[in-house]
Amino acid sequence: MLWKNWSMANSAKIDQQELVLHGVAASPGIAIGEAYFLDRQRLSVVEHPIDDELVESELAAFADAVELARQQLRAVQAELEQQSRTEHFYIIDTQLLILQDDMLIGGTTALIRDLRINAAGALKRVLKNFRQTFDRIEDEYLRERGSDIELVGERILRNLAGHEPQALMDLDRRSVIIAHDLSPADTCQLDKRQVVAFVTDLGGRTSHTAILARSLDIPAVVGLENVTRRISAGAPVIVDGCSGEIVCWPSSKTLQAYLEKKRHYEFYQDELRNYCELPARTLDGQQVSVQANLEFPQEAEIARRNGALGVGLLRTEFMYMARSLPPTEEEQLDTYRQIIEEFNPYPVTIRTLDVGGDKFVPDLSLADEANPAMGMRSIRLSLWERKLFRIQLRAILRASAYGRVRLMFPMISGLSEVRACREMLTEVMAELRAQDMAFDENLEMGIMVETPSAVLLADVLAQEVDFFSIGTNDLIQYCLAVDRGNEHVAYLYEPFHPTILRALKTVADAARNAGISLCVCGEMAAEPMYSIVLMSLGYRELSMNSPGISRVKKLIRQWNTGKGEALVQTLLRQKTAADVLLSLHEAFAEFFPEADPGRDF
Ligand code: PEP
Ligand code: MG
């Protein structure tokens, strides 16, 4: 194997002090390679005034730099096409769209002309404004989207400064890419034969880079803050994308330990692949519907390959990103239709817009909020911005003519919201009928249960909806009063907290009593041990990220539901998260003596 050759060839070099750094585990897997630096440090730009007669030439230089950026991105697309790697085209498309954005391009041009300043200085100002706007967005996922604009801006700045873009397609050795940040365009150009992993100073769990790394199956650790300053080019590096650890200049003992871990990991992954196509059925014949969470339409095919039987959560936020106008009804319809057709005859659950801030949807002009997690977000925003909501409802309804669609509303906190949504839906249905437009008259309408209020009111809400889907990411945040994106209180964000168990049971009981279907679509569903707990509580639909599917299926197939009742009773008796976890480990050691079901490497 190549990595074995690497370790032999490099063992002589291992004479430096071992350095261990910790970051965010962005994409699982263990890789060993040589540090290759990608120069993506921010350029230092100095703003300076220019003479009146230089304004036109500065404007022309800016236009040239933008055009060059366009050509560079098109060249990346052509290269990807040649390598038949078109699945990530949308990233380049997004960047090409940003290049047309009036706030970015028109805004910079206006500053050059009005303030009489250099193009780089003007662009830097515009980028700063964007950054401040995006930083205020509470939703981590959307906040990360601001980085797309920054990356396009950096590309233009480099062109203005005359820097050549660094080639990433023809590396001649197994490389760990080290960068301050990686643009999605960089990421999808990575030559998978030579790039074994990447690590970056910036980035979070839901940054584009992290999402792509997972879909490309390249181990990655992000958010290391200063890795670019701590290690040098050519250094041997181990990247553990499972734990978020990187080791530079490993001692031979460390290297041996990681080689062993890598061997186990690869063996486990090979084994998991066998489960993609198998049904998620317990030993006693209980079927669980394992579905996928999609953030982008391009993930649909990957999810299908991983064995997803439907989409339990289509996050529609991606359609509203990085554009100056919200998507039209026809655009939305097109996108939904593609996904529905990919999954036919399985259901696709489309969630209406769930944003935590306002600024990136240009039609909206809401005030900054002191406490946005509890402010004008999600369904509240849709019910406030009715025009936008109506367009989305029309598109979803029309898409339902092409397959099985379920409509889902996020962040419901009371019955009046459900009724307001139902009323809107009824109106839109009448409108479509009057226009002779086809849609599913029996379209299922459900809600996400992700606020404590919805949990406590679950019996009432269950009377007026067709399904519940539990958003555990937010449910944990709101029930435990712990900001899901705040690393300082991350130790309190406990999925196994007794409060969460009780909430899950309350909702499951309410759904069962009302005879409605029940799903979990938070990250918890992809955690194998929790998937068994959820099943034992009565959940029969689990929706998760694609890589989690085979892992969860494997465990379900070893489970016997007869053991579920006792397990739930034991867990519900526990008083702290630590006690719940301990009981779970004990129970699993007994149920699966040969396996290590909690293992995620
Ligand atoms: C959740 O809150 O659990 C969820 C699935 O939605 P999101 O992560 O998009 O808020
Ligand atoms: Mg949520």
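This is a predicted model, so every value here is computed, not measured. First listed ligand is number 1; within each ligand, the first listed atom is number 1.
Heavy atoms of R351 found under 4.0 angstrom from ligand 1 belong exclusively to the side chain. Under 4.0 Å from ligand 1, not a single heavy atom of L475 appears.
Here D354 fails the criterion, with no N, O or S atom under 2.8 Å of the Mg ion (ligand 2).
Residue-to-ligand polar distances keep E317 apart from ligand 1: every N/O pair is separated by 3.5 Å or more. At least one N/O-N/O distance between T472 and ligand 1 falls below 3.5 Å.
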task: Please lay out, stage by stage, how Y530 and F496 fare under the test ring-ring contact (aromatic ring centres under 6.0 Å, His included).
output: CA-CA 8 Å; Y530 226 120; F496 290 101; 4.5 Å; yes

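Salt-bridge annotation for R551 and E527: absent, with no side-chain N of the basic residue lying under 4.0 Å from a carboxylate O of the acidic one. Comment: R422 does not engage E464 in a salt bridge, judged by the lack of any side-chain N to carboxylate O separation of less than 4.0 angstrom. With respect to the salt-bridge test (charged N to carboxylate O, under 4.0 angstrom), the residues R406 and D466 do not qualify.
The contact set between ligand 1 and L313, taken as ligand atoms under 4.0 Å from a residue heavy atom, comprises 5 (C). Ligand-side atoms of ligand 1 in range of E450: 1 (C), 2 (O), range being under 4.0 angstrom from any heavy atom. Set against the non-hydrogen atoms of G471, the atoms of ligand 1 under 4.0 Å away are 1 (C), 2 (O), 3 (O).
Here the closest heavy-atom approach between residue D459 and residue A510 is recorded as N-CB, 3.7 Å.
Checked by atom type, the side-chain pair Q392/T316 shows a donor-acceptor distance below 3.5 Å.
F439 does not carry R398 over the face of its six-membered ring by the limits of under 6.0 Å from the centre and within 45° of the normal.
In this structure, OD2 of D474 and OE1 of E450 enclose an angle of 90° at the Mg ion (ligand 2), rounded to 10°.
Closest heavy-atom approach to atom 4 (C) of ligand 1 among the candidates M448, M524, M411, M544: M448.
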